[in-house]
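Just so you know, these numbers come straight off a predicted model, no measurement behind them.
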Amino acid sequence: MAQKRVLVICGDFMEDAEVMVPFQALQAYGVSVDAVSPGKKAGDFCLTGVHQTPIHQNFFERLGHNFKLNATFDEIDANCYDGLLMPGARAPERLCNIPSVVELVTKFASAGKAIASVCHAGLTLAAAGVAKGRKCTGFPTIRPVLIAAGAHWIEPDEAWERTVVDGNLITAVAYPGNPEFIRHFVKALGGKITGSKSKRILFLCRDFVEDYEVTVPFQSLKALGCHVDAICPNKKAGDFCLTAIHDFEGDQSYSLKPGYDFPLTANFDEVNASSYDALVVPGGRSAEYLALEESVLNLIRHFMECNKPIAAISQGPQILAAADVLKGKKCTAYPEAKLNVTIAGATWLEPDPIDRCFTDGNLVTGAAWPGHPDFISQLMSLLGIQVTF
C-alpha cells in the first residue's frame, strides 16, 4: 500500500507544540508529512509561539522554536495528500483570510479527506464553510465564529484535552490534547495501532529539560495508547518542570529560550521501576544535574541490567555515562557530550546529519530533536509497537 501523505498548513506564530508534535509523531508512525506556509518556500522558517495555560485573564506568548518548512505552498497539489492538519494559536487569524488557504481547505473537505484542526485553526474551517452542520471544538475564544458559521459547538473541557470527531473532521481544544487528537487523526487516515496497550514507559525529567525532547516523544507514545509517566527527583505528580527551547540559529552553540511548563505525572520516590517496559532520557541542561543524583543513576542501572529499552537523546547519554552503563555500547549524543560518552567506554557514532539515530541492543540514542521521527520509531520497534495503514 502507498505511504500515507499529510499536509500541514503553517504560519508565523502558530503554536509550537501543536505543529511539531503531530509533525514528528506522524513521521515516526511512517506517514510522509509536508509543512507549507503561504508566501514561503521549502527551507524557510515559520516563527512559533509558546502559549501557557492562563493564570491571568488571557494567555501570554513567548517565542518558540523556529519551525523549518519542507515544501512550497505554491507547488502543493491537494490530490496528492490523504489528510490535512492545521495547528492553532495566532497564525490562523491571518491564514483564514487568505483565499488560497481557504480554497485548499475546501478541496480537502470536498474530497472527504481527513481534516484535523486544533485551537484557533477552527477559524479557517469557518472561513471555508467546512464547519457548517458539524460538531466542532477549539480554543474557547473562537466559539462565536464557529457558531455563526453554523457549527454545533462542543464546549472545551477544563484540562483543554478534548477532541471531537465528526466523520472526517477532527477538532481539538489545544496542545494538552495532542495524544487523543493525533490518535483520532491516525484512525481517520486508516491507521491501526498494535502492540501498545500494555506498554508502560517512564520519562526522566528535571528543570530545563529540552522542551521538544520531552514533549514530542511523551505525547507521541501516549497517542499510541502507551501508559506514559514523567518523574523528577524532589518533585511529585502535579508539579511542573520548566523546559528550555534549544534552537539552531547559526551560532557556535544552540540558543536557549524558556519553553512550556511540563507536567509531571508520578512521584519519583514512589516509582516502581520494575513496572515499566522502557525508559526515555531527554536532553537539555537538566541532564548534567540528573547525572549527579545517585537515585537517578540506580534507576538507569535497573533498566540496563534488566535489558529493558532505554532511549536517550541529546545530552541524555551524559546520565548513562555517569551510571557507567555505556561500556562496550555503540551510541551517539549531542556532539558536545561526545567526551562523556567516549570516556565512559562507548564507541562514538557520528551524528551526521544531526537527525541520525542508532540502536545497539536495548539502547536507542539520538543527537537532537530533529531526529525524533527515527528516535521514536526505533523505540517503537524495540517495544513491538506498530502502526499500519
Side-chain angles (χ1 to χ4, degrees), residues 199-211 213-215 217-218 221 227-244 246 256 259 261-348 360-368 375 379 382:
K199 298 299 189 297
R200 292 171 54 85
I201 302 168
L202 190 62
F203 276 67
L204 266 178
C205 305
R206 196 181 191 275
D207 283 339
F208 300 111
V209 60
E210 207 289 322
D211 183 88
E213 289 171 5
V214 63
T215 303
F218 186 93
L221 292 164
H227 177 94
V228 189
D229 278 326
I231 57 172
C232 173
N234 304 314
K235 293 195 180 191
K236 61 184 185 301
D239 290 345
F240 291 86
C241 279
L242 303 176
T243 71
H246 292 198
L256 285 170
D261 296 336
F262 185 82
L264 302 171
T265 62
N267 299 338
F268 184 90
D269 293 336
E270 297 175 4
V271 160
N272 178 10
S274 63
S275 70
Y276 292 90
D277 301 290
L279 179 69
V280 178
V281 188
R285 307 307 307 183
S286 56
E288 60 192 86
Y289 291 93
L290 285 169
L292 303 177
E293 298 267 1
E294 191 62 30
S295 57
V296 169
L297 303 185
N298 287 334
L299 189 66
I300 297 283
R301 293 171 187 133
H302 166 83
F303 278 86
M304 191 61 78
E305 288 166 3
C306 294
N307 201 37
K308 294 180 179 180
I310 297 177
I313 194 164
S314 192
Q315 293 92 349
Q318 289 180 319
I319 311 173
L320 308 187
D324 196 26
V325 299
L326 289 182
K327 189 171 293 184
K329 288 285 188 179
K330 298 176 182 178
C331 63
T332 194
Y334 193 70
E336 292 175 5
K338 180 178 180 179
L339 176 61
N340 301 68
V341 168
T342 55
I343 209 166
T347 298
W348 175 256
D360 182 13
N362 67 318
L363 179 63
V364 178
T365 53
F375 182 71
L379 177 58
L382 289 183

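Scanning all heavy atoms of the two residues, the minimum distance from Ser275 to Asn272 falls at OG-O, 2.7 Å. Closest approach of Gly283 to Ser286, counting heavy atoms only: O-OG, 3.5 Å. The heavy-atom pair separating Pro309 from Asp277 by the smallest distance is CD-O, 3.1 Å. Of all heavy-atom pairs between Pro317 and Thr365, the closest is CG-CG2, 4.4 Å. Of all heavy-atom pairs between Cys232 and Phe268, the closest is O-CB, 3.3 Å. Nearest heavy atom pair, residue Asp207 against residue Cys241, reads OD1-CA, 3.3 Å.
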Discussion item. The test is side-chain contact (heavy atoms from CB on, under 4.5 Å); show your working for Thr347 and Asp360 and say whether it passes.
Written reply: CA-CA 11 Å; Thr347 298; Asp360 182 13; over 6 Å; no
Item to complete: Please assess Cys331 against Val341 for the test side-chain contact (heavy atoms from CB on, under 4.5 Å), listing each intermediate value before the final yes or no.
Response: CA-CA 8 Å; Cys331 63; Val341 168; 3.4 Å; yes
Item to complete: Decide yes or no on side-chain contact (heavy atoms from CB on, under 4.5 Å) for Ile310 and Met304, but give the supporting numbers first.
Response: CA-CA 7 Å; Ile310 297 177; Met304 191 61 78; 3.8 Å; yes
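With hydrogens and angles disregarded, a donor-acceptor distance shorter than 3.5 Å links the side chain of Lys235 to the backbone of Phe240. In terms of modelled atom types and a separation under 3.5 Å, the side chain of Asn267 and the main chain of Lys236 share no donor-acceptor contact. Not one N or O on the side chain of Asp211 forms a donor-acceptor pair closer than 3.5 Å with the backbone of Thr243. The backbone N or O of Val296 sits nowhere less than 3.5 Å from a side-chain atom of Glu293 that would complete a donor-acceptor pair. Between the side chain of Arg285 and the backbone N or O of Phe208 there is no donor-acceptor pair closer than 3.5 Å. In this structure a side-chain-to-backbone donor-acceptor pair under 3.5 Å is present from Glu210 to His246.
Contact of the Ile231 side chain with the Glu270 side chain is not registered, since no non-hydrogen atoms from C-beta on lie closer than 4.5 Å. Between Ile201 and Phe218 the shortest side-chain heavy-atom distance does not fall below 4.5 Å. Between Val271 and Asp229, the closest side-chain pair of non-hydrogen atoms is not below 4.5 Å. With a 4.5 Å cut-off on side-chain heavy atoms, Leu242 and Asp261 count as touching. At a threshold of 4.5 Å between non-hydrogen side-chain atoms, the residues Ile300 and Val281 count as touching. With contacts defined as side-chain heavy-atom distances shorter than 4.5 Å, the pair Leu363/Leu320 qualifies. Using a 4.5 Å cut-off on side-chain heavy atoms (C-beta onward), Leu264 and Cys205 make contact.
Note that OG1 of Thr265 and CG of Leu202 are 8.0 Å apart. Values are rounded to the nearest 0.5 Å. Distance check: Leu339 CG to Trp348 CH2 gives 10.5 Å after rounding to the nearest 0.5 Å. Distance CG/Leu290 to OG/Ser295: 9.0 Å, rounded to 0.5 Å.
Among residues two or more places apart in sequence or in another chain, the side-chain contact (heavy atoms from CB on, under 4.5 Å) test is passed with Asp269 by none.
Between Tyr276 and His227, the two ring planes are tilted [angle within 30° to 60°].
Among residue pairs with one or both ends in residues 287-329, none qualify as ring pair (Phe, Tyr, Trp, His ring centres under 6.0 Å); sequence neighbours excluded. Sorted by first and then second residue, the pairs that involve residues 322-343 and meet ring pair (Phe, Tyr, Trp, His ring centres under 6.0 Å), not counting sequence neighbours, are Tyr254-Tyr334.
In this structure, Arg301 pairs ionically with Glu294, as a charged nitrogen and a carboxylate oxygen lie closer than 4.0 Å.
Counting heavy-atom neighbours within 6.0 Å of Lys330 NZ, excluding the residue itself, gives a total of 12 or less.
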